[in-house]
Q: 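Quick one: the structure is below, questions incoming.
We count residues from 1, following the sequence as given. Hydrogens, waters and symmetry mates play no part in the numbers below; they use all other heavy atoms, side chains included.
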Amino acid sequence: MLSVIVRSALPKYGRLRLPVQAVVRTMSSSGGPTPPYTTLAISRPAESITHVELHRPEKRNAMNKAFWSEMVECFNEIADDPDCRVVVVSGAGKLFTAGIDLMDMASDVLQPPGDDTARVSWNIGKIIRKYQETFSVIEKCPKPVVVAVHGACVGGGVDLITACDVRLCTQDAWFQVKEVDIGLAADVGTLQRLPKVIGSRSLVNELALTARKMFADEAKSSGLVSRVFADKEAMMAGALEMAGEMAGRSPVAVQGTKINLIYARDHSVAEGLDYMATWNMSMLQTQDVMKSAQASMEKKSPKTVTFSKL
């Protein structure tokens, strides 16, 4: 379904030859969610790049019940889409996301089915694992995911962005691990991924235990984001340019790099090296290496090379 949606968008958006600012304006003027989704707008602003936009601007992109399953369906399709090499994620409206839609989600968490404590607990566990998959699916997707944050990124928003590969934000962006303020410990990824993203256990503990806001400059200095832009239009232009650089390289190389970076994060150096050797003993057997080397010798950009779909 997703490949049909984005292929139909290609005549509208064209290829990377379009001026970046024109493409950004098109990306930012989405008319609404893309069927069959009710919370996401999907488009292809440039060749090989898929744009996934959180699209409940009237609700501050709060994460309702539909969102949790639609993200899984969306990224599973992206993972299998040979026409997509890079993903850009952003939020529609005035901010990235206000986090969980408490009014919509309350019945799942506060009124789970079950005849006794064991059965209620069992069902709550199933619900939590389902929600965890909503963001784990981003990390599992072999395509690099660049997330662009403007305004507020609260609660579940932090869970989402820490599962992405590259994080960008605007100068007015702020981030908040909000869960302790609503009486629970964050349970869908922040407490597991944020310490590995920032690297300072003390800072992670402070953010998670106090629910204080982190603003753009601190997010940059701590490593939560790699770049800060003046406004959303500049950020989306930067995100699209970065995505274009990734999409212009061999998909075998780019996707293999993402997979091995994540493996290395969770394993020892020795284990990572062994996995890399096993990976490349097959992945080096590709024409992409010779094509890339030839372009380099001819002082050409890898983006001039035509690589087969993966």
Q: Decide yes or no on side chain to side chain contact (heavy atoms under 4.5 Å, CB included) for V87 and V52, but give the supporting numbers first.
A: CA-CA 7 Å; V87 185; V52 178; 3.9 Å; yes

Q: Could you give the distance from OG1 (T257) to CD1 (I262), rounded to the nearest 0.5 Å?
A: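 Spacing of OG1 (T257) from CD1 (I262) equals 11.5 Å.
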
Q: Compare all side-chain heavy atoms of E218 with those of L203 and state whether any distance is below 4.5 angstrom.
A: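 They are in contact (side-chain heavy atoms under 4.5 Å apart), so the answer is yes.
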
Q: Please determine if R129 and E133 form a salt bridge, counting it only when a charged side-chain N lies under 4.0 Å from a carboxylate O.
A: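 Salt bridge absent between R129 and E133.
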
Q: What closest approach, in Å, do I138 and A163 show between heavy atoms, and which atom pair accounts for it?
A: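 That closest heavy-atom pairing would be CG2-O, 3.6 Å.
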
Q: Say whether Q285 and S282, considering side chains only, have a donor N or O and an acceptor N or O under 3.5 Å apart.
A: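 No, because no side-chain N or O of Q285 sits under 3.5 Å from a partner of the opposite role on S282.
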
Q: With the threshold set at 4.0 Å, does a side-chain nitrogen-carboxylate oxygen contact exist between R44 and D81?
A: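 A salt bridge is present here (some side-chain N lies under 4.0 Å from a carboxylate O).
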
Q: Do F229 and M236 sit in the same hydrophobic cluster, where Ile, Leu, Val, Met, Phe, Trp and Tyr count as joined when their side-chain heavy atoms come under 4.5 Å apart?
A: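 In one cluster with F229: M236, yes.
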
Q: Is there a donor-acceptor pair closer than 3.5 Å between any side-chain N or O of N280 and the backbone N or O of M276?
A: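 No, the answer is negative, given that no donor and acceptor are paired below the 3.5 Å cut-off.
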
Q: Looking at CG of L194 and CD1 of I161, how far apart are the two atoms once the value is rounded to the nearest 0.5 Å?
A: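 So the CG of L194 and the CD1 of I161 are separated by 8.0 Å.
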
Q: Please tell me whether T39 and R56 have a donor and an acceptor in their side chains that are separated by less than 3.5 angstrom.
A: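 There is no such pair between these side chains.
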
Q: Report, as yes or no, whether the 6.0 Å neighbourhood of atom CZ on R227 holds more than 12 heavy atoms from other residues, nucleotides or ligands.
A: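 Counting other residues, nucleotides and ligands, CZ of R227 stays at 12 neighbours or fewer.
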
Q: Can you tell me how far the CG atom of L54 sits from the CZ atom of F67, to the nearest 0.5 Å?
A: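 That separation rounds to 5.5 Å.
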
Q: Does N64 use its side chain to pair, donor to acceptor, with the backbone of D104 at less than 3.5 Å?
A: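 A pair under 3.5 Å: no.
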
Q: Show your reasoning for whether side chain to side chain contact (heavy atoms under 4.5 Å, CB included) applies to C169 and F175.
A: CA-CA 10 Å; C169 78; F175 307 83; 4.0 Å; yes

Q: May I ask you to decide whether K291 forms a salt bridge with D288, counting only side-chain N to carboxylate O separations under 4.0 Å?
A: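 Looking at K291 and D288, the cut-off is not met.
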
Q: Might you confirm whether atom CZ of R212 has over 12 heavy atoms from other residues, nucleotides or ligands at distances under 6.0 Å?
A: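 Yes, the 6.0 Å shell around CZ holds more than 12 heavy atoms from other groups.
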
Q: Of the non-hydrogen atoms in F96 and C153, which two are nearest, and what is the gap between them?
A: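 Closest pair (atom of F96, atom of C153, distance): CD2-SG, 3.9 Å.
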
Q: For the hydrophobic clusters of this structure (ILVMFWY residues joined by side-chain heavy atoms under 4.5 Å, transitively), does one cluster hold both M214 and L95?
A: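 No; tracing contacts between hydrophobic side chains, which count when under 4.5 Å, never links both residues.
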
Q: Aromatic rings Y263 and Y275: how do their planes relate, parallel, tilted or perpendicular, breaks at 30° and 60°?
A: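 Y263 vs Y275 ring planes: parallel.
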
Q: Hey, does L310 have a side-chain heavy atom less than 4.5 Å from the side chain of V252?
A: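 In short, these two side chains touch, coming nearer than 4.5 Å.
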
Q: Please evaluate residues V145 and K258 with respect to the criterion side chain to side chain contact (heavy atoms under 4.5 Å, CB included), reporting the C-alpha separation (whole Å), side-chain torsions for both, the decisive distance (0.1 Å), and the verdict.
A: CA-CA 10 Å; V145 180; K258 170 173 177 172; 4.1 Å; yes

Q: Determine, for K220 against D217, whether the closest basic-nitrogen to carboxylate-oxygen distance falls under 4.0 angstrom.
A: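 Not counted as a salt bridge, because no side-chain N and carboxylate O are separated by less than 4.0 Å.
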
Q: Counting only heavy atoms not in K300 (residues, nucleotides, ligands), do more than 12 fall under 6.0 Å from its NZ?
A: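 Count not over threshold, so no.
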
Q: With distance as the sole test, does N260 use its side chain to make a donor-acceptor pair with the main-chain N or O of G272 at under 3.5 Å?
A: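 Between the backbone of G272 and the side chain of N260 there is no qualifying donor-acceptor contact (under 3.5 Å).
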
Q: Going hydrophobic residue to hydrophobic residue with side-chain gaps under 4.5 angstrom, can you get from L160 over to I42?
A: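 Yes, L160 and I42 fall within the same hydrophobic cluster.
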
Q: Under the 3.5 angstrom rule, does the side chain of R167 hit a backbone N or O of C164 as a donor-acceptor pair?
A: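 Yes, the answer is positive, given that a donor and an acceptor are paired below the 3.5 Å cut-off.
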
Q: Whether D101 and K59 form a salt bridge (side-chain N of Lys/Arg under 4.0 Å from carboxylate O of Asp/Glu) is what I want to check.
A: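 Salt bridge absent between K59 and D101.
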
Q: If only side-chain N and O atoms count, and only distance matters, is there a donor-acceptor pair under 3.5 Å linking H51 with S90?
A: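 Checked: S90/H51 side chains pair up, N/O donor to acceptor below 3.5 Å.
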
Q: When you group the ILVMFWY residues by side-chain heavy-atom contacts below 4.5 Å and let the links chain together, are V188 and V204 in the same group?
A: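 Hydrophobic grouping puts V204 with V188.
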
Q: Side-chain contact test, heavy atoms from C-beta onward, threshold under 4.5 Å: evaluate it for L102 versus I182 and give yes or no.
A: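 Yes, their side chains come closer than 4.5 Å.
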
Q: Do S48 and D83 come close enough that some side-chain heavy atom pair is under 4.5 Å?
A: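 No - every pair of side-chain heavy atoms lies 4.5 Å or more apart.
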
Q: Where is the tightest heavy-atom contact between G93 and K232, given as atom of each residue plus distance?
A: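 G93 and K232 have their closest heavy atoms at O-NZ, 4.0 Å.
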
Q: When rounded to the nearest 0.5 angstrom, what is the spacing between SG in C141 and CD1 in I78?
A: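 One gets 6.0 Å once the value is rounded to the nearest 0.5 Å.
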
Q: Take K65 and E70, measure what salt bridge (Lys or Arg N to Asp or Glu O under 4.0 Å) needs, and give me the verdict at the end.
A: CA-CA 9 Å; K65 290 180 183 178; E70 289 182 359; over 6 Å; no

Q: Do the side chains of F75 and V89 get nearer than 4.5 Å, heavy atoms only?
A: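 Sidechains of F75 and V89: in contact.
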
Q: Does S292 reach the main-chain N or O of V289 with its side chain, forming a donor-acceptor pair under 3.5 Å?
A: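 Side chain of S292 to backbone of V289, a donor-acceptor pair under 3.5 Å: no, none is there.
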
Q: Quick one: closest heavy-atom pair of L191 and A208, and the distance?
A: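 Taking L191 first and A208 second, the nearest heavy atoms are CD2-CB, 3.9 Å.
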
Q: Any chance you could measure R249, atom CZ, to F307, atom CZ, to the nearest 0.5 Å?
A: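 With rounding to 0.5 Å, CZ (R249) is 8.5 Å from CZ (F307).
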
Q: Distance alone, cut at 3.5 Å: any donor-acceptor contact between the side chains of T170 and D231?
A: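 The criterion, which ignores hydrogens and geometry beyond distance, is not satisfied for D231 and T170.
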
Q: Distance-only, no hydrogens or angles: does the T286 side chain make a donor-acceptor pair with backbone N or O of M283 under 3.5 Å?
A: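 Answer holds: no.
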
Q: Hey, does N76 have a side-chain heavy atom less than 4.5 Å from the side chain of V137?
A: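 Yes, side chains in contact.
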
Q: Is it true that, when you exclude K196 itself, more than 12 heavy atoms of the residues, nucleotides or ligands shown sit nearer than 6.0 Å to its NZ?
A: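 Result for NZ/K196: enclosed.
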
Q: Can you tell me if Q171 uses its side chain to pair, donor with acceptor, with the backbone of V228 under 3.5 Å?
A: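 No.
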
Q: Quick one: are L168 and S226 in side-chain contact, heavy atoms under 4.5 Å?
A: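 They are in side-chain contact.
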
Q: Would you give the length of the straight line joining atom CD of E271 to atom CG of D266, rounded to the nearest 0.5 angstrom?
A: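 Interatomic distance, E271 CD to D266 CG, rounded to 0.5 Å: 10.5 Å.
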
Q: For V158, is there any backbone N or O sitting under 3.5 Å from a side-chain donor or acceptor partner on T162?
A: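 Yes, T162 side chain to V158 backbone: donor-acceptor pair under 3.5 Å.
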
Q: Under a 4.5 Å side-chain heavy-atom rule over Ile, Leu, Val, Met, Phe, Trp and Tyr, are V197 and F135 clustered together?
A: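 Shared cluster, yes.
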
Q: Run through R60, K178, K213 and flag the one making a side-chain contact (heavy atoms from CB on, under 4.5 Å) with V154.
A: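 With V154 as partner, side-chain contact (heavy atoms from CB on, under 4.5 Å) holds for just one option, K178.
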
Q: Tell me whether the count of non-hydrogen atoms from other residues, nucleotides or ligands lying under 6.0 Å of CH2 in W122 goes above 12.
A: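 Open: at most 12 neighbouring heavy atoms sit under 6.0 Å from CH2 of W122.
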
Q: Is there a donor-acceptor pair closer than 3.5 Å between any side-chain N or O of T134 and the backbone N or O of W68?
A: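 Here the side-chain-to-backbone pair exists.
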
Q: Strictly distance-based, threshold 3.5 Å: is any side-chain N or O of Q176 a donor or acceptor partner for the main-chain N or O of A211?
A: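 Confirmed, Q176 side chain pairs with A211 backbone.
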
Q: Where do G157 and T97 come nearest, in terms of heavy atoms and distance?
A: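 That closest heavy-atom pairing would be CA-CG2, 3.4 Å.
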
Q: Specify the closest pair of heavy atoms between A92 and H55, including all atoms of both residues, with the distance to one decimal.
A: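 Looks like CB-CD2, 3.7 Å.
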
Q: Checking E245 against K303 for the side chain to side chain contact (heavy atoms under 4.5 Å, CB included) test, could you report, in this order, the C-alpha distance in whole Å, the side-chain angles of both residues, the deciding distance, and whether it holds?
A: CA-CA 8 Å; E245 291 295 325; K303 292 189 286 186; 2.7 Å; yes

Q: Going by an N to O cut-off under 4.0 Å, is there a salt bridge joining R201 and E206?
A: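 Not counted as a salt bridge, because no side-chain N and carboxylate O are separated by less than 4.0 Å.
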
Q: Which of these, R85, M246, Q255, sits in a side-chain contact (heavy atoms from CB on, under 4.5 Å) with K143?
A: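 With K143 as partner, side-chain contact (heavy atoms from CB on, under 4.5 Å) holds for just one option, Q255.
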
